[in-house]
Amino acid sequence: MLKQLLFYLKVSRPGLWFATLWLYLLPTSQMSTIVSTWEFWYGLFYVCFPLNFLVYGWNDIVDYETDALNPRKDSFWFGARGTKKDLDVLWQAIAISQLLFFPVLIGIGGWEVGLFLVLFIVINGLYNLPEKGLRSHPPLELLCQVGYLLVVPLSIWINNLEGLPWQTYVYLFLFAIQSHMMGEVMDIEPDKKTGRKTTGTILGIRNTKLLIITIVLLEVILLLVVYQEYIFGGILAMGLMWLLLDVFLLYKDKTYSVWEMKLFALMSNIVAIFSMAYVWWSGCLLQTAF
């Protein structure tokens with residue numbers, strides 16, 4: 001039983017929980033009293049484990065052949081490398097995890113939460129269709145990242161909060177695409193070996209990194225101009241400098257080793273924790289400067 005539970009935890013990729021956690025916490029910025037409610041913690045746990053279990057577990061089921069060749073799999077950072085037998089029945093555990101949580105979530109947040117589940121399943125279904133899934137039809141796989149943004153209204157409904165400016169959703173969409181493309185850079189070689197097409201395999205490592213740099217530059221401009229947020233924008237600008245060093249001086253079009261990927265994942269989580277804390281404390285993305 002313990003071994004099975006650890007496998008499920010690994011499927012949910014704890015090393016990547018920061019994305020949904022970041023999105024869930026954002027609408028609650030500067031609301032210290034909200035952490036005393038059980039609804040807040042119930043929703044927080046859901047977006048960390050059951051939700052990521054659904055997203056990544058579904059993806060693992062359809063990407064069995066690719067994952068078998070992926071050196072960064074079989075870790076709590078990047079997900080499990082399940083056997084065919086494990087993956088054939090994984091959908092049952094995924095379905096149970098949703099059925100256990102959603103009645104309470106709908107009771108807390110209303111019928112809108114049910115709408116969230118439907119939309120989230122539709123987007124993930126389109127992405128993970130066995131043969132015609134958008135995950136292998138670039139650049140449509142990037143557009144599917146809009147599904148992550150649904151975590152924001154979910155948090156708003158669960159915690160009875162005000163909405164966010166539309167510009168914040170633009171920033172978050174850029175952030176989601178950027179994060180996904182970083183994963184594609186790491187997976188270019190195993191994806192090529194199995195014949196899978198992604199934006200990364202088509203553009204190649206160097207051009208994909210240049211596209212990531214362009215996206216991060218847009219994020220920095222958005223933070224500095226629209227929000228006039230110089231601390232968070234400055235932190236992101238330092239990350240942009242690292243990306244420039246990576247593509248022009250350090251790695252260029254070389255692939256990363258597994259230990260380097262794990263190191264980058266660790267550093268990403270550290271940066272995410274500090275950025276979450278600052279954004280939550282400052283409320284800098286709750287309203288624009290003009």
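Salt bridge annotation for R135-D63: present, with a cationic side-chain nitrogen under 4.0 angstrom from a carboxylate oxygen. Under 4.0 Å is where a charged nitrogen must lie from a carboxylate oxygen, and between D74 and K10 at least one such pair does.
The salt bridge (Lys or Arg N to Asp or Glu O under 4.0 Å) check on K85 picks up nothing, with sequence neighbours excluded. Under the ring pair (Phe, Tyr, Trp, His ring centres under 6.0 Å) criterion, Y24 pairs with F40, not counting sequence neighbours. Taking the salt bridge (Lys or Arg N to Asp or Glu O under 4.0 Å) definition, one finds that R81 meets it with nothing, sequence neighbours left out.
In this structure, P50 and F102 have side chains that are not in contact, with every pair of non-hydrogen atoms separated by 4.5 Å or more. Residues P14 and L9 are in side-chain contact: their nearest non-hydrogen atoms beyond the backbone lie under 4.5 Å apart. Side-chain atoms of L172 and L23, non-hydrogen and from C-beta on, do get closer than 4.5 Å to each other.
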From CA spacing to verdict: salt bridge (Lys or Arg N to Asp or Glu O under 4.0 Å), K197, D191:
CA-CA 7 Å; K197 288 185 178 181; D191 284 342; over 6 Å; no
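Ring centers of F101 and F45: under 6.0 Å apart, within the cut-off.
Taking the six-membered ring where the residue is Trp, F175 and Y171 present parallel rings, their angle staying beneath 30° rather than reaching 60°.
A cation-pi arrangement is present between R72 and F78 under the rule of less than 6.0 angstrom and at most 45 degrees off the ring axis.
With hydrogens and angles left out, the side-chain atoms of T199 and E141 include a donor and acceptor closer than 3.5 Å. In summary, the side chains of Q98 and Y46 do present a donor paired with an acceptor at a separation below 3.5 Å, with no hydrogens or angles considered. If you check the side chains of S29 and W281, you find no donor sitting under 3.5 Å from an acceptor.
Atoms CZ and OH, on F53 and Y8 in that order, are 6.0 Å from each other to the nearest 0.5 Å. We find the CG-NZ distance between L211 and K209 to be 13.5 Å, quoted to the nearest 0.5 Å. One distance of note links OG of S75 with CE of M261; it measures 10.5 Å at 0.5 Å rounding. Taking CD1 of I202 as the start and NZ of K192 as the end, the distance is 11.0 Å to the nearest 0.5 Å. If you take CD on E229 and CG on L222, they are separated by 11.5 Å, rounding to the nearest 0.5 Å.
Between the side chain of S257 and the backbone N or O of E260, at least one donor-acceptor pair lies under 3.5 Å. Side-chain atoms of W17 come within 3.5 Å of backbone atoms of S12 as a donor-acceptor pair (strictly under, hydrogens ignored).
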